[in-house]
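Working notes, beginning with the structure itself.
Quick note: residue numbers are just sequence positions, from 1. When a ligand or atom number is given, it counts from 1 through the structure's own listing order.
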Amino acid sequence: MTTLRWGLLGLGGISRKFAADLRVAGLDLAAVGSRAQESADRFAAEVGAPRAHGSYAALVDDPTVDVVYVGTPHPFHAEHALLALRAGKHVLVEKPFTLNAAQAREVVAEADARGLVVLEAMWTRFLPHMVRLRELVAAGALGEVRALTADHSQRLPSDPGHRLQDPALGGGALLDLGIYPVSFAWDVLGAPTSVTARSVPTATGVDAQTSVVLTYAGGQHAVTHSALDVAGRNDAVVLGTEARVEIDPTFYQPTSLRLVASDRRVLETFDGSVPGRGMQFQALELERLVREGRSASDALPPHESVAIMETLDEVRRQIGLVYPGE
Ligand SMILES: NC(=O)c1ccc[n+]([C@@H]2O[C@H](COP(=O)([O-])OP(=O)(O)OC[C@H]3O[C@@H](n4cnc5c(N)ncnc54)[C@H](OP(=O)(O)O)[C@@H]3O)[C@@H](O)[C@H]2O)c1
């Protein structure tokens, strides 16, 4: 059952994919908004949106829009989420939630003050294989969870003008790719007690490759890797005293997993394939929260998005990555 009318803010690559998944799920795409009318018109025609706005202000003021999806580069997430919240709209904001934890706190405070839902579009959390992983961990199927490893590495454009290479657009591996394994570690193991990071910069001064070790009160370890100049395997493994879960590549997209006992017997194989790319599940979760009058998703409450930004801030402090204007 669809209840909300969606507006897309910032019409780049990921907004195009999200629009397709809204359609896959039969959700209501009401309007799109770009900085230029011409690109809004073109995008609306391409995805079949009834209304096209030539400014973000016009999109958030559109009375036919209930919820705004923010698909702009990370340095603008907070500004655009606040714009939508102040216009009375619920917000789904792309990952990373914001550029840093201070911005994240401001966005969550605004949503709380207005009684609106804000959700980070960390779409992996809402995918069927991640739901199954959380069930297996909660049921004790792994025994005691002791460690995990996860990586997200892609060979992405090296053009210095590309968003991913540009400090002014929040470029670098960590906030685009590394956030997936770090958020995954938060999902499985909760709040770390220590964060240790090492990194190598690009010629433009953002991080090309970043590794993070997180440790926990119970002695658990999480080891994550991200890089934007090599294509990785992009899998994840959660190790427990009785069994491990192997999440097949690509761990952050719809995929399969296996529960494997310490003696190597495969206890369960789970196929998490879905129609479309899989970004519809986060939209369905936001719709459910609004319908049920709740402000926080159990799978990713806003305070956890803030805490993840605090971890990423600490990683950036250790690797010396500061963005313009911070
Ligand atoms: N969930 C996922 O799988 C996934 C995948 C890729 C990216 N993302 C996230 O989505 C966000 C956008 O990434 P993308 O790859 O879609 O980027 P993109 O293709 O460059 O699109 C970003 C859009 O933001 C708008 N924008 C506003 N101010 C801008 C500025 N100063 N410079 C450039 N664009 C500006 C533009 O839309 P208008 O011209 O229409 O205003 C632009 O098309 C990032 O935060 C990224 O982390 C998520």
At what distance is the nearest protein heavy atom to [atom], and which residue and atom is it?
| atom | value |
| --- | --- |
| atom 32 (N) of ligand 1 | L169 CD2, 3.7 Å |
| atom 48 (C) of ligand 1 | E94 OE1, 3.2 Å |
| atom 11 (C) of ligand 1 | T72 O, 3.3 Å |
| atom 19 (O) of ligand 1 | G13 N, 2.9 Å |
| atom 17 (O) of ligand 1 | R163 NE, 3.2 Å |
| atom 27 (C) of ligand 1 | Y56 OH, 3.1 Å |
| atom 30 (C) of ligand 1 | R35 NH1, 3.4 Å |

Who's closest to [atom] heavy-atom-wise, of [options]?
| atom | options | result |
| --- | --- | --- |
| atom 21 (O) of ligand 1 | P73, A36, S15, G12 | G12 |
| atom 47 (O) of ligand 1 | K95, H77, M279 | K95 |
| atom 38 (P) of ligand 1 | S39, G170, S34, A40 | S34 |
| atom 2 (C) of ligand 1 | Y180, Y252, F18 | Y180 |
| atom 22 (C) of ligand 1 | G71, G33, G10, A168 | G71 |

Taking the six-membered ring of W186, is NZ or CZ of R125 closer than 6.0 Å to its centre and within 45° of its axis?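 No, R125 does not lie over the aromatic ring of W186.
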CA sep, side-chain torsions, deciding dist, call: R277, W123, side chain to side chain contact (heavy atoms under 4.5 Å, CB included): CA-CA 10 Å; R277 184 172 190 253; W123 57 304; 3.6 Å; yes
Taking only Lys NZ, Arg NE, NH1 and NH2, and the carboxylate oxygens of Asp or Glu, determine whether [X] and [Y] approach each other closer than 4.0 Å.
| X | Y | value |
| --- | --- | --- |
| K89 | D66 | no |
| D176 | K95 | yes |
| R105 | E310 | yes |

Which bit of L175 is near ligand 1, meaning a heavy atom under 4.0 Å away: side chain, backbone, both or neither?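 For L175, no heavy atom sits under 4.0 Å from ligand 1.
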Do any nitrogen or oxygen atoms of [X] lie less than 3.5 angstrom from nitrogen or oxygen atoms of ligand 1?
| X | value |
| --- | --- |
| I14 | yes |
| R277 | yes |
| F76 | no |

Checking the side chain of T255 only, and the main-chain atoms of D248 only, is there a donor and an acceptor separated by less than 3.5 Å?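 Checking the backbone N and O of D248 against the side chain of T255, a donor-acceptor pair under 3.5 Å is found.
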Would you say the side-chain atoms of S15 pair up with the backbone N or O of G10, donor to acceptor, closer than 3.5 Å?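 Checking the backbone N and O of G10 against the side chain of S15, a donor-acceptor pair under 3.5 Å is found.
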Need the ligand 1 atom indices (1-based, order shown) with element for anything under 4.0 Å from a heavy-atom of L11.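 Listed by number with element, the hits are 37 (O), 38 (P), 40 (O), 43 (O).
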Out of all atoms in ligand 1, which are within 4.0 Å of some heavy atom of W123? Include the element for each.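 In order of number, 1 (N), 2 (C), 3 (O).
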How about W6 and F18: are their ring centroids closer than 6.0 Å?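 Ring centres of F18 and W6 closer than 6.0 Å.
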Y56 ring center near H80 ring center (under 6.0 Å):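 So the answer is yes for these two rings.
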side-chain hydrogen bond (donor to acceptor under 3.5 Å, both in side chains) with T250: which residues, sequence neighbours excluded?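 Scan of T250 (side-chain hydrogen bond (donor to acceptor under 3.5 Å, both in side chains), adjacent residues dropped) gives none.
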Sequence neighbours excluded, every pair satisfying ring-ring contact (aromatic ring centres under 6.0 Å, His included) that has a member inside residues 262-293: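 Qualifying pairs, neighbours excluded: none.
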